[in-house]
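Here is the naming used below: chain letters follow the sequence lines, and residue numbers restart at 1 for every chain.
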Amino acid sequence: MNREATLRDYYQAMLAALGPSRWWPGRTPFEIALGAILTQNTAWTNVEKAMHALRESGLLDPRALARLTDEELATFIRPAGAFRVKAARVRNFLLFLHRTCDLDMDGLRGETVETLRPALLEVSGIGPETADSILLYALGLPSFVVDAYTRRILNRHGLVPEDIAYGELREFFMDVLPPDPALYNEYHALIVRTGKNWCAKRQGKCPDCPLAVFLEEFSPLTCTGKSIIPHP
DNA sequence: CTCCGGTCGT
DNA sequence: ACGACTGGAG
């Protein structure tokens with residue numbers, strides 16, 4: 001298969017069906033990075049509750065957040081779940097910002113994916129997906145974000161193995177797509193929107209999915225990963 | 001591989 | 001009631 005053409009076709013199909021996503025416009029880099037940590041294995045609606053609580057108290061700012069104790073922080077982000085773990089992770093990220101840019105993410109402008117990505121991965125609590133989300137959505141750097149939906153959709157379409165590693169799947173996109181942050185931003189956003197609405201873990205809703213045209217056939221009743229017949 | 005965890009849809 | 005949710009660490 002021509003991977004580049006295939007990935008562009010998938011992108012166009014989702015864009016045509018869903019329209020542009022406009023993810024995280026008008027938000028500060030720190031707010032976006034914070035959201036990226038809080039949303040780990042968590043529905044975004046829960047993250048919004050936590051972000052709202054922080055906003056109401058004027059805490060969507062690294063210098064303000066840094067003054068809280070771990071316990072206070074945990075209380076604010078409680079609706080996001082795993083709040084004790086995430087409080088520690090936010091703390092580690094704040095320490096990272098203190099070290100690298102004096103708690104001002106504008107100071108990270110000028111960094112590249114090659115230098116900043118490994119540095120972020122050194123922070124306990126920031127794994128590959130969170131790092132790429134921060135690079136792409138907070139800093140506008142061309143680092144493709146891979147998530148559970150990306151793996152599930154591509155696997156169910158027979159394009160990649162189910163157990164493909166994060167880095168391999170990221171390169172599956174980055175090897176053939178130009179390093180365009182706007183393209184990466186919209187592509188991942190479209191995948192998440194498509195995944196959330198049509199590609200649930202248990203049972204997909206393939207008949208109405210924007211990507212259904214790429215399946216040779218499928219069973220409407222048992223539209224799970226294994227029941228989809230991969231296209232050639 | 002297991003735990004973290006409140007919240008929401010089924 | 002039950003499992004999934006834009007993961008990551010020990």
Hey, is A:E162 close enough to A:R152 for a salt bridge, meaning N to O under 4.0 Å? no
Does the side chain of A:T42 reach to within under 4.5 Å of the side chain of A:K86, using non-hydrogen atoms? yes
Pick base, sugar-phosphate or nothing for A:S133, based on heavy-atom distances below 4.0 Å to the nucleic acid. nothing
Using a 4.0 Å heavy-atom cut-off across all strands, classify A:V146 as base, sugar-phosphate, or nothing. nothing
Spacing between A:I134 atom CD1 and C:dG7 atom C1', to the nearest angstrom: 13 Å
Stacking between B:dC4 and A:F83, yes or no? Criterion: centroid separation under 5.5 angstrom, plane angle under 30 degrees. no
Test salt bridge (Lys or Arg N to Asp or Glu O under 4.0 Å) applied to A:R55 and A:E31, step by step: CA-CA 10 Å; A:R55 192 190 315 274; A:E31 180 176 341; 3.2 Å; yes
Give the minimum heavy-atom separation between A:R109 and A:L139, together with the two atoms involved. NH1-O, 3.1 Å
Give me the distance, rounded to whole Å, that separates B:dC4 from C:dG3 when you measure between the C1' atoms they each carry. 16 Å
Under 4.0 Å between any heavy atoms, over every strand shown, what does A:V192 touch: base, sugar-phosphate, or nothing? Just pick one. base
Assign A:I126 to base, sugar-phosphate, or nothing according to its heavy-atom contacts below 4.0 angstrom with the strands shown. sugar-phosphate
Rounding to a whole Å, what distance do you find between A:F96:CZ and C:dG8:P? 15 Å
Spacing of the P atoms in C:dG8 and B:dT7 (rounded, Å): 23 Å
Considering only side-chain heavy atoms of A:R84, which listed nucleotide, C:dG3, B:dG5, C:dG7, is closest? B:dG5
Does the side chain of A:Y11 come within less than 4.5 Å of A:L183's, by heavy atoms? yes
5′-ward residue of the pair A:W23/A:G125 relative to DNA chain C: A:W23
Do A:T39 and C:dG7 share a donor-acceptor pair, side chain to base, under 3.5 Å? no
Taking the C1' atom in each of B:dG6 and C:dG10, what is the distance between them to the nearest angstrom? 23 Å
Salt-bridge contact A:D163-A:R151 (side-chain N to carboxylate O under 4.0 Å): no
Remember a base hit wins even if backbone is also touched, and classify A:A189 as base, sugar-phosphate or nothing at under 4.0 Å, heavy atoms. nothing
Considering only heavy side-chain atoms of A:A43, the closest of C:dC5, B:dC8, C:dG8 is C:dC5
Just the rounded figure in Å: distance from C1' of C:dG7 to CG of A:L169. 15 Å
One should read off an interatomic distance between A:L7 CG and A:L154 CG, to the nearest 0.5 angstrom, of 7.0 Å
Could you work out which one of C:dG8, C:dA4, C:dC5 sits closest to the side chain of A:Q40? C:dG8
Whole-Å distance separating the NZ atom of A:K201 from the C1' atom of C:dG3: 9 Å
What's the closest nucleotide to the A:T42 side chain, out of C:dG8, B:dC4, B:dG6? B:dG6
5'-most by nearest nucleotide on DNA chain B - A:K49 or A:A82: A:A82
Closest of B:dG5, C:dG8, C:dT6 to the A:V85 side chain is B:dG5
With a 3.5 Å cut-off and just heavy-atom distances, do the side chain of A:D147 and the base of C:dG7 make a donor-acceptor pair? no
Against the side chain of A:K196, the closest entry in C:dG8, C:dA4, C:dT6 is C:dT6
NA contact type, A:R89, heavy-atom cut-off 4.0 Å: base, sugar-phosphate, or nothing? base
Separation of C:dA9 C1' from A:N92 CG (nearest whole Å): 11 Å
Expressed as a whole number of angstroms, how long is the span from A:W198:CH2 to C:dC5:P? 16 Å
Take the protein atom CD1 of A:I37 and the nucleotide atom P of C:dC5, then report the distance between them rounded to whole Å. 21 Å
Mind checking if A:G127 touches a base, just sugar-phosphate, or nothing, with heavy atoms under 4.0 Å? sugar-phosphate
Once you apply a heavy-atom cut-off of 4.0 Å, does A:R152 come out as touching a base, just sugar-phosphate, or nothing? sugar-phosphate
To the nearest angstrom, the CZ-P distance between A:F76 and B:dG6 comes to 18 Å
Considering only atom P, compute the distance from B:dT2 to C:dA4 and round it to an integer number of Å. 14 Å
Touch class at under 4.0 angstrom, heavy-atom based, for A:T150 against every strand present: nothing
